[in-house]
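The figures that follow rest on heavy atoms only: side chains count, while hydrogens, waters and symmetry mates do not.
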Amino acid sequence: MSPRRTETGGRIDRLRTIRFTFDGAPYTGHIGDTLASALLANGVTLFGRSFKYHRPRGLLSAGVEEPNALVTVLSGEVREPNIPATMVEIYDGLVAVSQNRNPSLAWDIGAVNQLGGKILAAGFYYKTFMGPVFGPLKGTRFWMFCEHFIRRAAGLGKAGTAPDPARYERMNAFCDVLVVGSGPAGLMAAKAAADQGARVILAELEAHFGGSANWSGETIDGMPAADWAQRTVGQLEGNDNVRLLPRTTVWGYYDGNTLAALERVTDHKEAAAKGEPRQRYWAIRAGTVVLATGSFERPLVFPGNDRPGVMLAHAAERYAVEYGVLPGQRIALFTNNDSAYRSAVALKKAGAAVVAIIDVRGDVSTEMRRLASEAEAELLAGHAVVATEGGKALTGLKVQRFDAMSGALSGDERSIHADSLLMSGGWSPTIHLASQAGAKAEWDPARQAFLPPTPTQRWIGAGAFTGSFSTAEAIAEGRAAGLQAAGGAASSAPLPVVEAAPGDPDPAPVFEIKAKGKSFVDFQHDVTAEDVRLAHREGFVSVEHLKRYTTLGMATDQGKNSNVPGLAIMAEALGKPIPEVGTTRFRPPYTAVSIGSLAAERFGDLKPERLTPMHDWHIANGARMYSAGLWYRPMIYGLPGETVEQAYVREARATRESAGIVDVSTLGKIAVQGPDAAEFLDRVYTNMFSTLAIGKARYGLMLREDGLAFDDGTTWRLGEQEFLMTTTTANAGKVMQHLEYFLDVIWPELKVTVTSVTDEWAGAAIGGPNARAILASCVAGTAVDNATLPFMGIVHGRIAGVPVMICRLSFSGEMAFEVYSGAGYGTRVWEALIEAGKPFGLVTYGLEALGTMRIEKGHVTGAEIDGRTTARDLHLDWMLSKKKPFIGSAMMDREGLIAPDRLELVGLIALDNRPLSGGGHIVEQLDEANPHDSLGHITACCYSPALGKYIALALVKGGKARHGTRAFVSDPLRNRFGPIEIVSNHFYDPDGSRMHG
């Protein structure tokens, strides 16, 4: 038997032995052990070194809040640092190493920092910015000297550099009720909601469901609480409307009841099964959330409270009951509340010798005295621990009489021999997710803890999360929360009967024992009680400033143990009550989240890749793809041996001569719906949309509030209160934000909803002289002749049996039609159009040909609507309505926006028949040695198959007045100089006869 392993008990499988290594030494454990419990069973007490002083540290807790026992897990060349040993489930071949030590955990030269004393107190690194004067090291020179050493000392575990070969997944889930936490409250909530027929997801961050029922030793419905929990879980597993997610941490609560969760799928396995990811990221959208996240036990602040062997009382109880591991052979407990007495009894039953219970309260209840007697422990009421003894392990402690009212110590010190000291400073509800959801936590003076705020989203609390620490209360609140979340009526059915040890959940308001020696508040970052008081003396009175100056609560545990004691000490220094001092807001993530899980299947990219529904078809048919923002679009469909220019010239020429088809699925598409939709569009666009007939589309222009051009596109009226707005590909997201801002902030009274439907529609634009004939040959259910489908008209029909919506509009100057279908049928419709076009010589064309034809037509895009141009600059002033105000109308006539020398849109023709380049400048006098006096610049350029010349669009001062004049292009970066002619931007079909024919 291992040195501290009990003979019986625990949920471990004692018949199956696991072999693993820690710091190169071999150890054994059992199925069900964590790395922490297995090492503790093997007599290991030293788990890590603290961040700043490199003090030896042992286990403090048994869960996710562990600040001391952080390890790096090695998998081949892959390193994953800063994992709490309490959350690592052991498996055969596990390799873990300790951190933040050199050369070893037992002998760390960094421990010399303890001699630094006040030099390394709170804010020492800030003070080195100013620096004392040491000879030539004056001011910032001292910082430059220290920076190298500070940076080398920064951090805990060492990140790896090898690529991570693991696979990750992303999942989206929708449910009526999400229950976070599976203790008695969470289980009852999940069962009550499931029984109402609600779709339920139950997420538990531990490997086993049950929470405190697994270690409380209580009885529920006449059976051990752990058995009751397993029975309830079994009932939930049998429901089709319940999804159980063990090893799943819900780490973020966002707007719209959207929560983020991380499922550790195979972290506990030696090898993943075929197809299994390492971790799975869940985005959960819940109707209602039940927060049954429990609470954390707080440490007490006293000299030597960080010594290995000093542990939280409930953690020791968990190790004994769940894992069959004793924290020591001679155990003392130090408490300010009743819960430690139950821990003492549990440890006694597990075989430990409980030598003393030290309670700061002078008046201890009869029930607690009985429990102390049952544990065969000496009860020292009205006493406090003032020191601990030992090096890398606890050997004893010293106690002294203590007055809980005044905080004064008196009498002689008394030594107690013990190898484990368990402390309990009260309980803090785990309100992190509620805090993330919005609103400030509320201080409860009885519980001496922050309780959850009033909900600002659809969540309901239950159990210890709300400050109800008894199992009976948790069960009652859990069932009520589940019924409420599922919309059910309150139940009068009897609740499970709980038999539990008595106890008052309210602690004495004692957080610190002021005695000689370092008393730690934040164990990981070595923040002491004196550091908190130093921050106060130096003027840092805000809790946010306290956090940043001392680093209190900035460790990997995010202050789960240290926040409340730190705030209490700060409040005392300020002479204010704790609620007046306040608390910092919890932010996601609740625990560390791997970047791999966030990226999931899309790894190796700095940004997501958006693919149109026809993407695979393009690849299979020889398209050369390139990125247009986040989208991947065909550039050309090149033939063997063709250059890019030859390909796009061929595609554009064929389209103008017969017909061409292009994928336009990437255009932004926004559904605008509601009684005030037409009024809203009148305010958004510069031209009128309320007069638009149903079944018609209209070209529209938007301005920013400052009067500059923002975006253009067509909007289709599909019904009296329903419009489909299209935007440029690049500006789709910005336009959506623009619309939402004005609806939410400026005009909240308008009854309008806007929904991005870009990904819902696949789009194909077919244009050219034969475009109508091609459509007529394959569209069923509607005619497409000029009477039925005039310019800017909309019809509905079917292609290849798929419902489609067709609008006649043109971007190229040719007669053209945009065909929209559901995204899932995009390729089917696309292929049907191509098949119908074969007799007519239909070609597929890419962005290069599309750009060529739009330049020939003189149509503006983002290259011209660049955030500096106005409607007048782009010759779109005919779209500025004089009948109504609109966004930007109040600012568009400012003096600077109507100045005669503004840059205006023009066309350019290269007179030397050489290519032009975007960004090249236009000058009146050519000076290759000293380019100067720019008149403007080129925005877009191409070879025009329609004109047989190299042409461009440009923004030039007084552009319209320069039509027919000559100038020069000056492009010294590309050594391109030459004569050009300035002409109208409408190179092709200026009267629109081809487009309207």
Give a yes or no on whether the backbone of S690 and the side-chain of D682 come within a donor-acceptor separation of less than 3.5 Å. yes
When every non-hydrogen atom of A952 is compared with those of C941, the smallest separation belongs to CB-CB, 3.7 Å
Can a salt bridge be assigned to the pair K857 and D989 using a cut-off of 4.0 Å between side-chain N and carboxylate O? yes
For the backbone of E651 and the side chain of T655, can you confirm whether one donor and one acceptor N or O come within less than 3.5 Å of each other? yes
For residues T612 and D663, is any side-chain donor paired with an opposing acceptor at under 3.5 Å? yes
Determine whether L905 and L955 make a side-chain contact, defined as any pair of heavy atoms from C-beta on separated by less than 4.5 Å. yes
Does the R698 side chain pair with the main chain of M688, one donor and one acceptor, at a distance under 3.5 Å? yes
State, to 0.1 Å, how close R974 and G918 come at their nearest heavy-atom pair, and which atoms those are. NH2-O, 2.8 Å
Quick check on R868: does its CZ atom have over 12 non-hydrogen neighbours (other residues, nucleotides or ligands) under 6.0 Å away? no
Should we count CG of L639 as having more than 12 external heavy atoms under 6.0 Å? yes
Taking atom SG of C778 and atom CD1 of I766, what is their separation to the nearest 0.5 Å? 7.0 Å
Taking CD in Q925 as the centre, count heavy atoms belonging to other residues, nucleotides or ligands within less than 6.0 Å. Is the count above 12? no
Residue among H859, R994, M853 satisfying side chain to side chain contact (heavy atoms under 4.5 Å, CB included) with S812: M853
Taking the six-membered ring of F987, is NZ or CZ of K949 closer than 6.0 Å to its centre and within 45° of its axis? no
Check whether S658 reaches the backbone of F840 with its side chain - one donor and one acceptor, N or O, closer than 3.5 Å. yes
To the nearest 0.5 Å, tell me how far L703 CG sits from L708 CG. 8.0 Å
Do Y685 and T715 come within less than 4.5 Å of each other through their side chains, counting heavy atoms only? yes
Are any non-hydrogen side-chain atoms of N621 and T844 less than 4.5 angstrom apart? no
Find the distance between CG (L611) and NE2 (H618) and round it off to the nearest 0.5 Å. 10.0 Å
Determine yes or no for a side-chain-to-main-chain donor-acceptor pair under 3.5 angstrom, with K669 supplying the side chain and S665 the backbone. yes
Exceeds 12 heavy-atom contacts within 6.0 angstrom, atom NZ of K884: yes
Between D933 and K957, does at least one N-O distance fall below 4.0 Å, as a salt bridge requires? no
So how far is it from M892 CE to L880 CG, rounded to the nearest 0.5 Å? 4.5 Å
Quick one: do R624 and E848 make a salt bridge, cutoff under 4.0 Å? no
If you take all heavy atoms of H937 and G919, which pair is closest and at what distance? CB-O, 4.4 Å
Can you measure from CZ (F723) to CG (L718) and round to the nearest 0.5 angstrom? 8.5 Å
R894, CZ: over 12 other non-hydrogen atoms inside 6.0 angstrom: yes
Pairing of D759 and R610 as salt bridge, 4.0 angstrom limit: yes
When every non-hydrogen atom of T729 is compared with those of A628, the smallest separation belongs to CG2-O, 4.5 Å
Counting only N and O atoms by type, is there a donor-acceptor contact under 3.5 Å from the side chain of Y648 to the main-chain atoms of M635? no
For the residue pair S917 and D971, what are the closest heavy atoms and their distance? CB-OD2, 3.8 Å
Does Y825 OH have over 12 foreign heavy atoms under 6.0 Å away? no
Between D912 and R976, is there a side-chain heavy-atom distance shorter than 4.5 Å? yes
Counting C-beta onward and ignoring hydrogens, is there a side-chain heavy-atom pair between L739 and F680 closer than 4.5 Å? yes
Among T869, T939, N985, side chain to side chain donor-acceptor pair (under 3.5 Å) partner for E864: T939
Should D873 and L903 count as side-chain neighbours, where that means a heavy-atom distance under 4.5 Å? no
Working to the nearest 0.5 Å, report the span between CE of M995 and CZ of F791. 4.0 Å
Check whether any side-chain N or O of R650 sits under 3.5 Å from a backbone N or O of G638 as a donor-acceptor pair, and report yes or no. no
Side-chain donor/acceptor of R717 to backbone N/O of L692, under 3.5 Å: yes
Would you say that T852 contacts V649 through its side chain, given a criterion of any heavy-atom pair below 4.5 Å between the two side chains? no
For R828 and V802, indicate whether the former's side chain and the latter's backbone hold a donor-acceptor pair under 3.5 Å. no
If the threshold is 4.0 Å, N to carboxylate O, is there a salt bridge linking E814 and R656? yes
Tell me whether N731 contacts the main-chain N or O of F710 through its side chain, where contact means a donor paired with an acceptor under 3.5 Å. yes
Do the side chains of M891 and E705 get nearer than 4.5 Å, heavy atoms only? no
